[in-house]
> 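Structure in structure tokens, see below.
All heavy atoms count here, side chains included; hydrogens, waters and symmetry mates do not. Convention: sequence-line order gives letters A, B, ...; per-chain numbering from 1.
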Amino acid sequence: MFSYRTLAVCPVTGARAGEFVTPHGVIRTPLFMPVGTQATVKAMTPLELEQIGAQIVLGNTYHLYLRPGEELVADAGGLHAFMGWQRGILTDSGGFQVFSLADLRRITSDGVEFRSHIDGSAHFFSPEKSIAIQQKLGADVIMCFDDCVPYPADVSRVREGVERTVAWARRCRNFFLDFSQRGPGDERPLAGEGGALGLTSPQALFGIVQGGVHDALRLECASRLREIGFEGYAVGGLSVGESHDEMYGVLDALCPALPHDKPRYLMGVGHPANLIEGVARGVDMFDCVLPTRNGRNGTLLTSAGRINIKAKQYERDFSPPDPECDCYVCRNFTRAYIRHLYRAGEILAARFCSWHNLRYLIRLVEGARDAILAGDFPAYRARFW
RNA sequence: UCCUCGGUAGCUCAACCGGCAGAGCGGGUGGCUGUUAACCACUAGGUUCGAGGUUCGAGUCCUCGCCGAGGAG
């Protein structure tokens, strides 16, 4: 079902434009994906997400497993039906939560023991468990359960993360293929290793490359994941505190080593500049909480840089958040009004800021795609800077 | 007219027996990268109602006055 093809490649940079097919439509790349951890992009309705051009939204295995539970979502008809969103969905595996909830967990070779941040109850995730949950949730793209190593970390810890990530990726792949072969209620034994089995699942499984800021480890991880074989490849473990130059360095080394006929996904990124520079290095997909979280906290992303809408300087600023933006918020409301809403504690402020920020990032990457197709991405990139 | 209680940061209020005057909210500024986040951090605000007095030292005790609330007549 899942297939990717490249439509245009920038002759100067590594940027490329393409598309891939999912059960919920054709996805045009490069693209920015809003994060909807708990089966909702915070403060946004699916209708509004459609209107700003969102093609895929994220959900999170860890959160949805804890609440409301994957069984309930499956009974609701899957994540799409449950949240009323008919375009693409990608679920993250819970690997990042293992990293970000560090004080609540214990990692073993078999998986991760952790305690719920909601009620403290004990749980265990293995690669198989993560995939099983994601299959019940029913997203179009699901992710391998990986070991996201903190930054900075000793090389030994980064290497351990690569080994664990690769081993777990193989287990994810085997379980995924086996499940997709069997179908519901089929109790035939595991099908064994390798990607030789015919893929019948409507879902696509992406591998995740770890390796910190060490090029050699990144390349090794990518090579070993390619041997297993995935529908797409993600770059994980970035945007965890390293410098932008380190992030770009990893992408410079890694992207040429990823398959050219599969989508590439830079996880958790991010800042507008990161998106442009990621695209320039051949990344097709991005996600980040930044537009929604920062929006709720009163920061607006604009073509002239970030503005803090709380600041007094906008008290009597009757211009739109971003004069160059085409979104509903920028066409109808002023900085002064949004500042007022924010200070008054009105929920509409969070909605407006999230709304605009999402449109800004989606449009930024859409613009990059158009430029790549038109053959002038370098100029687009230069104009951004 | 008398009695009681009160007056401390912009607001609501803390401050032991007299011993460096604080908090929350509000104000100002900043941060946020696969969401434990409508969150977090930093910061500026004081003639402690006024005038005297006691004391080494007074927001705190004494006297007088001003303002507010309640009560008695």
> Using a 4.0 Å heavy-atom cut-off, does A:Asn60 contact any base of the nucleic acid, only the sugar-phosphate backbone, or nothing at all?
sugar-phosphate
> Name the pairing partner of B:A38, where a pair is Watson-Crick or G-U wobble with both distances under 3.5 Å, or state none.
none
> Take atom C1' in B:G57 and the same atom in B:G18, then report the distance between them in whole Å.
8 Å
> Tell me the interatomic distance from A:Arg343, atom CZ, to B:G26, atom P, rounded to whole angstroms.
10 Å
> Rounded to whole Å, how long is the line connecting atom CG of A:Leu275 with atom P of B:G34?
12 Å
> Consider side chain to side chain donor-acceptor pair (under 3.5 Å). Of A:His117, A:Gln97, A:His123, which one does A:Tyr62 pass it with?
A:His117
> Just call it for A:Arg351: base, sugar-phosphate, or nothing, with non-hydrogen atoms closer than 4.0 Å on any strand.
nothing
> What's the gap between B:G10 and B:A51 when it is taken at their C1' atoms, as a whole Å value?
27 Å
> Would you mind pulling out the nucleotide paired to B:G52, Watson-Crick or G-U wobble, both distances under 3.5 Å?
B:C62
> Across the strands shown, which category fits A:Gly237 at heavy-atom distances under 4.0 angstrom: base, sugar-phosphate, nothing?
base
> Quote, to the nearest angstrom, the C1' distance that separates B:G59 from B:A9.
14 Å
> Between B:G28, B:G30, B:U35, spot the one nearest the side chain of A:Arg339, thanks.
B:G28
> Can you tell me the distance, in whole Å, between the CD1 atom of A:Ile307 and the P atom of B:G30?
11 Å
> Just the rounded figure in Å: distance from P of B:C32 to CG of A:Asn274.
11 Å
> Of the candidate nucleotides B:G34, B:U35, B:C32, which contains the atom at the shortest distance from the side chain of A:Thr37?
B:U35
> On the side chain of A:Asn308, is there an atom forming a donor-acceptor pair with the base of B:G31 - under 3.5 Å, no angle test?
no
> Watson-Crick or G-U wobble partner for B:U33, using a 3.5 Å limit on both distances?
none
> Could you measure between the two P atoms, the one in B:U54 and the one in B:G27, and give it in whole Å?
46 Å
> Only pairs with both distances under 3.5 Å count, Watson-Crick or wobble alike; so what is the partner of B:C17 in this structure?
none
> Thinking salt bridges, do A:Arg351 and A:Glu48 make one under a 4.0 Å N-O criterion?
yes
> Assign the ring pair A:Tyr328 / A:Phe333 to parallel, tilted or perpendicular, where the plane angle (0 to 90°) is split at 30° and 60°.
perpendicular
> Salt bridge check: are A:Glu113 and A:Arg105 linked by an N-O gap of less than 4.0 Å?
no
> To the nearest Å, how far apart are A:Leu300 CG and B:G31 P?
13 Å
> If the condition is side chain to side chain donor-acceptor pair (under 3.5 Å), which residues does A:Gln134 pass it with, not counting sequence neighbours?
A:Thr91, A:Ser130
> Regarding A:Ser116, tell me which of base, sugar-phosphate or nothing describes its non-hydrogen contacts under 4.0 Å with the strands shown.
nothing
> Could you tell me the separation between the CG atom of A:Leu238 and the C1' atom of B:U33, rounded to a whole number of Å?
10 Å
> Give a yes or no on whether the ring-centroid distance for A:Phe125 and A:Phe114 is below 6.0 angstrom.
yes
> If the threshold is 4.0 Å, N to carboxylate O, is there a salt bridge linking A:Glu70 and A:Lys129?
no
> Taking syn as any angle within 90 degrees of 0 and anti as the rest, which one fits B:G45?
syn
> I want to check a possible cation-pi pair here: A:Arg281 against A:Tyr248, using under 6.0 Å from ring centre and within 45° of the ring axis as the test.
yes
> Any base atoms under 4.0 Å from A:Gln210, or only sugar-phosphate, or nothing? Heavy atoms, all strands.
base
> Which base sits across from B:G68 as a Watson-Crick or G-U pair, both distances under 3.5 Å?
B:C5
> In sequence, state the C-alpha distance, the side-chain angles, and the governing distance for A:Asp147 and A:Arg157, and then conclude on salt bridge (Lys or Arg N to Asp or Glu O under 4.0 Å).
CA-CA 10 Å; A:Asp147 182 10; A:Arg157 175 66 184 93; 3.1 Å; yes
> Classify the nucleic acid contact of A:Leu90 as base, sugar-phosphate or nothing, counting any heavy atom under 4.0 Å across all strands shown.
nothing
> Name the nucleic acid region contacted by A:Arg306, choosing base, sugar-phosphate or nothing; use a 4.0 angstrom heavy-atom cut-off, strictly under.
sugar-phosphate
> Between atom CG in A:Leu361 and atom C1' in B:C32, what is the gap in whole Å?
14 Å
> To the nearest Å, how far apart are A:Met33 CE and B:U35 C1'?
15 Å
> B:G73 and B:G19: how far apart are their P atoms, nearest whole angstrom?
41 Å
> Treat each ILVMFWY residue as a node, draw an edge where side-chain heavy atoms are under 4.5 Å apart, and state whether A:Leu301 and A:Phe384 are in one component.
yes
> Between B:C25 and B:U35, how many Å separate the two C1' atoms, rounded to a whole number?
27 Å
> Let me have a per-nucleotide readout for nucleotides 36-44 of chain B, 5' to 3', with B, S or -, counting only protein heavy atoms under 4.0 Å.
BBBB-----
> I need the single residue from A:Met285, A:Arg28, A:Arg5 that forms a side chain to side chain contact (heavy atoms under 4.5 Å, CB included) with A:Phe20. Which is it?
A:Met285
> Among residues 243-271 of chain A, which ones have heavy-atom contacts with RNA chain B below 4.0 Å?
A:His244, A:Met267, A:Gly268, A:Val269, A:Gly270, A:His271
> Could you work out the separation of B:C5 and B:A58 based on their P atoms and round it to a whole Å?
24 Å
> With a 4.0 Å cut-off on heavy atoms, is A:Ala311 in touch with a base, just the backbone sugar-phosphate, or nothing at all?
sugar-phosphate
> Do the charged groups of A:Glu231 and A:Lys262 touch, with an N to O distance under 4.0 Å?
no
> Taking atom P in both B:G53 and B:G68, compute the distance separating them and give it to the nearest angstrom.
28 Å
> What contact category does A:Asp92 fall into here, base, sugar-phosphate, or nothing, at under 4.0 angstrom with non-hydrogen atoms?
base
